[in-house]
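What follows is a set of notes on a single structure, which appears directly below.
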Amino acid sequence: MSSSWKSVMKLSSMTGASLAGWLAGKHYERHWSGSLGKNDGRRSFLYGTNVKSFPGLPIFGTVSAAAPIHSADEFNEMGPKLSVSESRISQIMKYGFPGLDNIRSYDDFVLSYDRRNRVAHWVFEHLTKESLKKNDQIDRSKCEFVPDTSIHPFFRSQNTDYKKSGYDRGHLAAAGNHRLHQKHIQQTFYLTNMAPQVGAGFNRSSWNRLEIYVRSLTNIYKDVYVCTGPLYLPKVESDGKKYVRYEVIGSNHVAVPTHFYKIIVGETKDLKLEMEAFVMPNAPIDDDAPLKNFQVPPESVERAAGLLFFDKLSKNKLHKINGKSIK
DNA sequence: TTTGATGT
């Protein structure tokens, strides 16, 4: 039994969710090396299609055929967001877009919004030691959670949805990752960047521990790319069938994810790449549980989320996955 | 420290 399988089994038994199929995947051992090592016939949603056929997508830089589009109706209210530095966005998105649903670009992170669940599909960040430098001018307590008016009111989450729900408004792009400018940290407080998270025992402890670990990777790698998002995982119920079951909160029915993922790529000075993937249940977690217990094969997160992470990454530069050499 | 909610 591989270590990744064992860790998933541990995770599975902790959460009661049937993670085995999705998160370990019988396919993993047979296909993972193949899909990383050579073209396995997967057609990239982004790079195998004509990007221009998607109207109104603010795609910058990484796609040569695409140019920023400034006239989409939904963006009329977002004046400041149109001035987002294109070079910064292309830097954040260096390894490609995991998916193309409702992309939003902010000054220091990029996200894709899931209108049906009122929670983002994914949030992408790029961290360096420099970008995390301590700035005493930044005051987190001055930040306010604000609805994102670039989202149609039908699909926009509101503070009232979270109020008395029992869940935290948990950051996907962590506030602590964007302390260079007050404007940057404020932008992480858009409700588009929030998901309902269990507060005690999760958001305020082990999930925070994982965020701190990601920041610490900037001491090892020149560049750290991190993608964060929710999962809605199936669970075997008493009739033996699998169901995806999750709570929705507030009048806008904001979905409460069953789990959250982080996929991280560290880039060394000599351009070697190392990848790590974590999945944690949206539930209280023992503070003493090592983060390693929550590592899963990256491909299992792709299958569960319906996304392709780091599809543009040069597979021959990828040296390690979850700390294990793949060469 | 950083992560938050709640009540006055």
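On a predicted model such as this, the values are computed, not experimentally measured, just so you know. Naming: A, B, ... by sequence-line order, numbering from 1 per chain.
Within a heavy-atom distance below 4.0 Å of DNA chain B, the residues of residues 158-175 of chain A found are K164(A), D168(A), R169(A), G170(A), H171(A), A175(A). Using a 4.0 Å cut-off on heavy atoms, the residues of residues 209-220 of chain A that approach DNA chain B are E211(A), R215(A), listed by number.
Rounded to an integer number of Å, the gap from I185(A) CD1 to dT2(B) C1' is 10 Å. Between I138(A) atom CD1 and dT2(B) atom P there is a gap of 12 Å when expressed in whole angstrom units. Per the geometry, CG belonging to N135(A) stands 17 Å off P belonging to dT1(B), to the nearest Å. Rounding to whole angstrom units, CZ of residue R179(A) and P of dT2(B) are separated by 5 Å. Protein atom CH2 of W207(A) is 11 Å distant from nucleotide atom P of dG4(B), rounded to whole Å. Atom CZ of F189(A) and atom P of dT2(B) are 12 Å apart (whole Å). Counting to the nearest Å, the C1' atom of dT6(B) and the CZ atom of F145(A) are 13 Å from each other. With rounding to whole Å, F260(A) atom CZ is found 14 Å from dG4(B) atom C1'.
Evaluated for a ring pair (Phe, Tyr, Trp, His ring centres under 6.0 Å) with F309(A), the options W122(A), Y261(A), Y95(A) yield exactly one hit, Y261(A).
In the hydrophobic cluster analysis, where Ile, Leu, Val, Met, Phe, Trp and Tyr join through side-chain heavy atoms closer than 4.5 angstrom, L100(A) is grouped together with I89(A).
For the pair R118(A) and D161(A), the salt-bridge criterion is not met [side-chain N within less than 4.0 Å of a carboxylate O]. With salt bridges taken as basic N to acidic carboxylate O contacts below 4.0 Å, none links R156(A) and D148(A). Under 4.0 Å is where a charged nitrogen must lie from a carboxylate oxygen, and between D108(A) and R88(A) at least one such pair does. Between R215(A) and E211(A) there is no salt bridge, since no side-chain nitrogen of the basic residue lies less than 4.0 Å from a carboxylate oxygen of the acidic one. A salt bridge links K94(A) with E267(A): the closest approach of a Lys/Arg side-chain nitrogen to an acidic carboxylate oxygen falls below 4.0 angstrom.
Side-chain contact check for Y243(A) and D239(A): at least one donor-acceptor pair (N or O, by modelled atom type) lies under 3.5 Å.
Here the side chain of D168(A) pairs no donor or acceptor atom with the backbone of N203(A) at under 3.5 angstrom.
Within 4.0 Å (heavy atoms only), G176(A) reaches sugar-phosphate atoms of the nucleic acid but no base atom. When heavy atoms are screened at a 4.0 angstrom cut-off, N208(A) is found touching base atoms of the nucleic acid. Residue contacts for F202(A): at a heavy-atom cut-off of 4.0 Å it reaches no nucleic acid atom on any strand shown.
Proximity of R140(A) to the phosphate of dT2(B): no side-chain N or O atom is located under 4.0 Å from OP1 or OP2.
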